[in-house]
Amino acid sequence: MTAPLSDIAPDAPGDTPAAVAGRSGSTFYWPMLLLPRSKRAAMFAIYAYCRHIDDIVDEPGDPKAKHQSLHAWRQEIRNLYAGGAPSSPMAAALKGAIERYGLPRAELEAVIDGMAMDLSGAMRAPDMNTLGVYCRRVAGAVGLLAIRVFDRADAHTEAFAIALGEALQLTNILRDLAEDAPLGRLYLPREVLMGAGIFSIDPADVLAHPNLPRACEALALRAETRFAEARLALSRCNRRRLWAAEAMMLLYRRLLERLKARGWSDLSRGVRIRKRECAWVTLRCAVGRAPSA
C-alpha cells in the first residue's frame, strides 16, 4: 500500500536540524559546527535527514509501518525535486540544501535503500559484496552529498568520499557490535567469520565465540585500508576546502586505533572520542594544521 506523506513522523517542537545534530553526541558535530553558516545549515539538514531515516529502522515498531515510513520519505524526496512544498521543517531545511548545493536525488534515496537493507534482514553476516553495497548506500552516499557542500564533485573528491564513507562505516560496525546484536544484526561479513573459524550467524553466539577477536581484526584491517585510500585521494584534492571531512577522518581513525587497543574480548568497555578532543582536532584542521591520526 502506498504510504501518504502524512506517514512521515512530524518534527518535535523546536526539533531543528541543528538541534538534532547537537543532541546526538556525534563525532561529526564539531566539524559541522565550525563551517560557514550556509554550509553548516546544509550539513545539519543532511545529518538530521540521515539520523531520522536511521531512527525509523532502529526504533521499536511494526516492520510494515517502518517500510511505509521509508516509502513516505522517498516520496517526500521526489516531491522536493519536482518542486513541491516540503511537508515538515526537516524537509524544508533539506530542500534549501538541495537547491543551494545541487545535491543529487539518487544519493538521498540511496540512504533509504541502505536502511531498507537493515529491515530486510540482509545484514546478518552478509557476504562481503553485500556489506560493500550497504556501506556505499548508508555512508558513501552521505560523503557524496557532503563534498558538494564542502567543495565540489569531481573524480578525486568522489573517490575520497566513497573510501572515507566505507572506512567510517566499518569503524562504526566494530564500535557497535554489542549494541547491534539485540536488534538481530551482525554486520561482520560471513567470509571474515568463516576465516576466523566461526560458522554461526547468530549475533549472540558470534559475540561469545573465542575467535571473535580474529574476525574483528580482519575487518579492522579492511577499515585501515579504506582510510589509507581516503588519505591518498585527499592528497589529490583541495584539502583546505575539505578540512571538515579531514577532521572527521582523523577523529574516526583515532577511534579505530582505540578500539584495536581495547581489543575485542570485552565489548562492554565502550570507546569514544571526548568532546574536548573533537573540538581540538577540528580547530587544528580548520586552521590548516591537521594533527596526526
Side-chain angles (χ1 to χ4, degrees), residues 24-28 50-51 53-60 63 66 111 114-140 142 163-227 230 248-249 251-274 278 293:
S24 70
S26 171
T27 307
F28 296 155
C50 295
R51 179 75 268 166
I53 299 300
D54 189 55
D55 286 346
I56 288 172
V57 174
D58 284 351
E59 292 178 355
K66 293 181 179 187
V111 175
M115 292 298 101
M117 292 175 72
D118 279 318
L119 278 181
S120 72
M123 301 315 296
R124 177 178 284 202
D127 61 57
M128 193 68 80
N129 287 338
T130 300
L131 179 62
V133 171
Y134 179 79
C135 290
R136 170 61 181 83
R137 289 174 173 175
V138 302
V142 180
L164 181 58
E166 182 167 338
L168 300 184
Q169 190 61 31
L170 293 176
T171 303
N172 278 338
I173 286 170
L174 290 165
R175 181 195 63 192
D176 296 340
L177 286 168
E179 180 180 322
D180 290 330
L183 299 174
R185 296 181 195 152
L186 177 68
Y187 294 94
L188 296 175
R190 66 187 61 172
E191 296 94 330
V192 165
L193 292 173
M194 293 176 68
I198 303 173
F199 299 98
S200 173
I201 63 169
D202 179 83
D205 290 346
V206 172
L207 266 57
H209 199 285
N211 291 348
L212 176 66
R214 286 174 54 191
C216 292
E217 286 296 336
L219 195 64
L221 180 59
R222 183 179 176 93
E224 289 176 332
T225 300
R226 294 295 179 263
F227 275 120
M248 295 173 188
M249 179 177 70
L251 289 167
Y252 259 74
R253 187 68 182 79
R254 291 181 176 208
L255 179 60
L256 179 61
E257 284 301 313
R258 290 173 195 181
L259 286 167
K260 290 172 58 184
R262 178 206 63 184
W264 317 100
S265 298
D266 183 5
L267 300 180
S268 66
R269 290 194 296 126
V271 175
R272 64 189 180 92
I273 305 295
R274 296 187 180 277
C278 289

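Quantities reported herein were computed from a predicted structural model and do not represent experimental measurements.
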Stepwise, does the side-chain contact (heavy atoms from CB on, under 4.5 Å) test hold for Glu191 with Asp127? CA-CA 6 Å; Glu191 296 94 330; Asp127 61 57; 3.6 Å; yes
Verify side-chain contact (heavy atoms from CB on, under 4.5 Å) between Tyr134 and Gln169, making sure each step is shown before the conclusion. CA-CA 9 Å; Tyr134 179 79; Gln169 190 61 31; 3.9 Å; yes
Under the side-chain contact (heavy atoms from CB on, under 4.5 Å) rule, what do Thr130 and Met117 come out as? Steps first, then yes or no, please. CA-CA 10 Å; Thr130 300; Met117 292 175 72; 3.7 Å; yes
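Residue Met128 places its CE atom among more than 12 non-hydrogen atoms of other residues, nucleotides or ligands, all under 6.0 Å distant.
Annotation for Cys278 and Leu251: closest pair CA-CD2, 3.8 Å, computed over non-hydrogen atoms. When all heavy atoms of Arg214 and Gly195 are compared, the pair lying nearest together is NH2-O, 3.0 Å. Here the closest heavy-atom approach between residue Leu168 and residue Phe28 is recorded as CD1-CZ, 3.7 Å. Here the shortest heavy-atom pairing between Ala163 and Ala230 reads CB-N, 3.8 Å. The two residues Met123 and Pro126 make their nearest non-hydrogen contact at CE-CG, 3.7 Å. Residues Gly165 and Ala139 share a closest heavy-atom pair of O-CB, 3.1 Å.
By the 4.5 Å heavy-atom criterion applied to side chains, Val192 and Arg222 are not counted as neighbours. Looking at Leu170 and Leu131, their side chains come closer than 4.5 Å, going by heavy atoms from C-beta outward. Looking at Arg258 and Arg254, their side chains come closer than 4.5 Å, going by heavy atoms from C-beta outward. The side-chain heavy atoms of Leu177 and Cys216, taken from C-beta on, include a pair separated by under 4.5 Å. The closest side-chain heavy-atom distance from Leu174 to Trp264 is below 4.5 Å.
Checked against side chain to side chain contact (heavy atoms under 4.5 Å, CB included), Val57 has the following partners two or more places apart in sequence or in another chain: Leu70, Met115, Asp118, Leu119, Arg185. Leu255 is linked by a side chain to side chain contact (heavy atoms under 4.5 Å, CB included) to Thr171, Arg175, Tyr252, Leu259, Val271, Ile273, counting only residues two or more places apart in sequence or in another chain.
Of the possible polar contacts, none joining the Arg226 side chain to the Leu164 backbone as a donor-acceptor pair under 3.5 Å is found.
One distance of note links OG1 of Thr225 with CD of Glu166; it measures 9.5 Å at 0.5 Å rounding. Rounding to the nearest 0.5 Å gives a distance of 9.5 Å between CG of Leu193 and CZ of Arg190.
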Sequence neighbours left out, cut at 3.5 Å: what donor-acceptor pairs do the side chains of residues 196-208 make with other protein atoms?
{"unit_1": "Ser200", "atom_1": "OG", "unit_2": "Asp202", "atom_2": "N", "d": "3.0"}
{"unit_1": "Asp202", "atom_1": "OD2", "unit_2": "Ala204", "atom_2": "N", "d": "3.1"}
{"unit_1": "Asp202", "atom_1": "OD2", "unit_2": "Asp205", "atom_2": "N", "d": "3.0"}

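One finds a salt bridge joining Lys260 and Glu224 here, because a Lys/Arg side-chain nitrogen approaches an Asp/Glu carboxylate oxygen to under 4.0 Å. By the 4.0 Å N-to-carboxylate-O rule, Lys66 lies too far from Glu59 to be salt-bridged with it.
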